[in-house]
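When a residue number appears, it is its place in the shown sequence, counting from 1.
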Amino acid sequence: MQADPVPLFDGSAPSSFHVAIIMDGNGRWAHARGLPRTAGHKRGAESVRRVVEAAPELGISHLTLFGFSSENWKRPEGEISDLMGLLRLYLRNEIRDLKRNGVRLRVIGRRERFSRDIVALIEDGESDTRENDRLHLTIALNYGGRQEIADAARALAREVAAGRLDPEAIDEEALGRRLLTDDLPDPDVLVRTSGEQRISNFLLWQIAYSELVFSPVLWPEFSRDDLAAAVADFHQRERRFGGV
């Protein structure tokens with residue numbers, strides 16, 4: 001996906017602009033080159049670095065990336081082991097740059113299936129970058145949208161059972177406050193790479209009114225220009241939120 005160059009952010013865009021990305025195509029990129037899937041995941045990590053660096057220049061204040069879904073545990077054990085190794089490498093090598101560049105890291109999703117050292121790296125990364133606000137980077141790991149909504153509903157049910165919450169007080173806002181993204185704005189645009197046109201259980205509640213952009217580019221080849229093209233596509237649309 002190519003587009004005319006998009007100028008650097010000049011401050012004229014809204015103060016909050018949230019882009020969520022389903023990073024798809026690592027395996028197909030590797031297969032097309034006769035390489036193991038791990039090679040695609042390694043190249044995909046380089047694309048993560050590119051979009052994180054480019055996001056603030058394009059006026060993006062919040063960037064949420066779908067790194068590993070709750071369904072991805074079904075993949076072959078060897079591939080999962082390789083993915084966990086790449087996750088460790090990313091967390092060890094990138095946190096210093098994130099901190100220096102004003103990026104705040106947050107991870108959403110259930111952490112209990114990750115090894116202790118990975119959980120510790122996540123917690124350290126979140127703590128070390130907590131004061132940053134140039135870009136809010138959220139990475140979804142062991143995350144599923146339906147699971148998140150079910151957990152929020154369960155939290156509400158416990159509060160009702162304990163007598164702390166009137167069932168009549170449960171509305172969209174109440175449920176939203178119990179989601180993992182309760183202090184984040186909803187995504188303005190959801191981008192999926194590789195040409196696939198599915199949501200894949202990602203941010204199901206939050207993207208109710210997000211604009212959808214489907215890029216044919218495989219994630220390992222996704223560049224700053226591709227991100228800029230998605231942003232330009234979004235800015236050409238008229239958002240009505242159900243109105244006229």
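No donor-acceptor distance shorter than 3.5 angstrom exists from the side chain of S61 to the backbone of L135, with no hydrogens or angles considered.
By the 4.0 Å N-to-carboxylate-O rule, R49 lies too far from E46 to be salt-bridged with it. Electrostatic pairing of R192 and D24 counts as a salt bridge here, judged by a charged N lying under 4.0 Å from a carboxylate O. Between R104 and E126, no side-chain nitrogen of the basic residue sits less than 4.0 Å from a carboxylate oxygen of the acidic one, so the salt-bridge criterion is not met. Of the charged side-chain nitrogens involved, at least one lies within less than 4.0 Å of a carboxylate oxygen, so that R33 and E221 count as a salt-bridged pair. Ion pairing between E53 and R224 fails under the 4.0 Å rule for side-chain N and carboxylate O. Comment: D233 engages R237 in a salt bridge, judged by a side-chain N to carboxylate O separation of less than 4.0 angstrom. In summary, R164 and E159 do not engage in a salt bridge, as defined by a charged side-chain N under 4.0 Å from a carboxylate O.
Closest approach of P187 and I207 over heavy atoms only: CG-CG2, 4.1 Å. Scanning all heavy atoms of the two residues, the minimum distance from G125 to I95 falls at CA-CD1, 3.8 Å.
Ring geometry for F114 against W73 counts as tilted: the plane angle lies between 30° and 60°, on a 0 to 90° scale. The aromatic rings of F202 and F66 sit parallel to each other, their planes meeting at less than 30°, with 60° as the upper class boundary.
Within the model, atoms CG of L180 and CZ of R110 stand 9.5 Å from one another, a figure rounded to the nearest 0.5 Å. In this structure, CG on L190 lies 4.5 Å from CD1 on I22, to the nearest 0.5 angstrom. The CZ atom of R113 sits 13.0 Å away from atom CG of L141, with the distance rounded to the nearest 0.5 Å.
Residues E211 and Q236 bring no donor and acceptor atom of their side chains to less than 3.5 Å of each other. Between the side chains of S115 and R88, at least one donor N or O lies within less than 3.5 Å of an accepting N or O. Side-chain contact of S223 with D226: a donor-acceptor pair under 3.5 Å is present, judged by distance alone. No hydrogens or angles considered: a donor-acceptor pair under 3.5 Å links the side chains of T181 and Q206. Of the N and O atoms on the side chains of H18 and T64, at least one donor lies less than 3.5 Å from an acceptor on the other residue.
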In a table with atom names and distances, give each donor-acceptor pair under 3.5 Å that connects a side chain of residues 165-172 to protein atoms at least two apart or in another chain.
from, atom 1, to, atom 2, distance (Å)
D166, OD1, E168, N, 2.9
D171, OD1, E173, N, 3.2
D171, OD1, A174, N, 2.8

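None of V51, L227, V189 except one satisfies the side chain to side chain contact (heavy atoms under 4.5 Å, CB included) rule with I60; the exception is L227.
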Go through the steps to decide whether R130 and S127 satisfy the test side-chain hydrogen bond (donor to acceptor under 3.5 Å, both in side chains), and finish with yes or no.
CA-CA 5 Å; R130 191 178 304 278; S127 177; 4.7 Å; no
Evaluate H41 against N26 for side-chain hydrogen bond (donor to acceptor under 3.5 Å, both in side chains), listing each step before the verdict.
CA-CA 5 Å; H41 296 314; N26 290 345; 3.2 Å; yes
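Contact check for F234 versus D188: side-chain heavy atoms found under the 4.5 Å cut-off.
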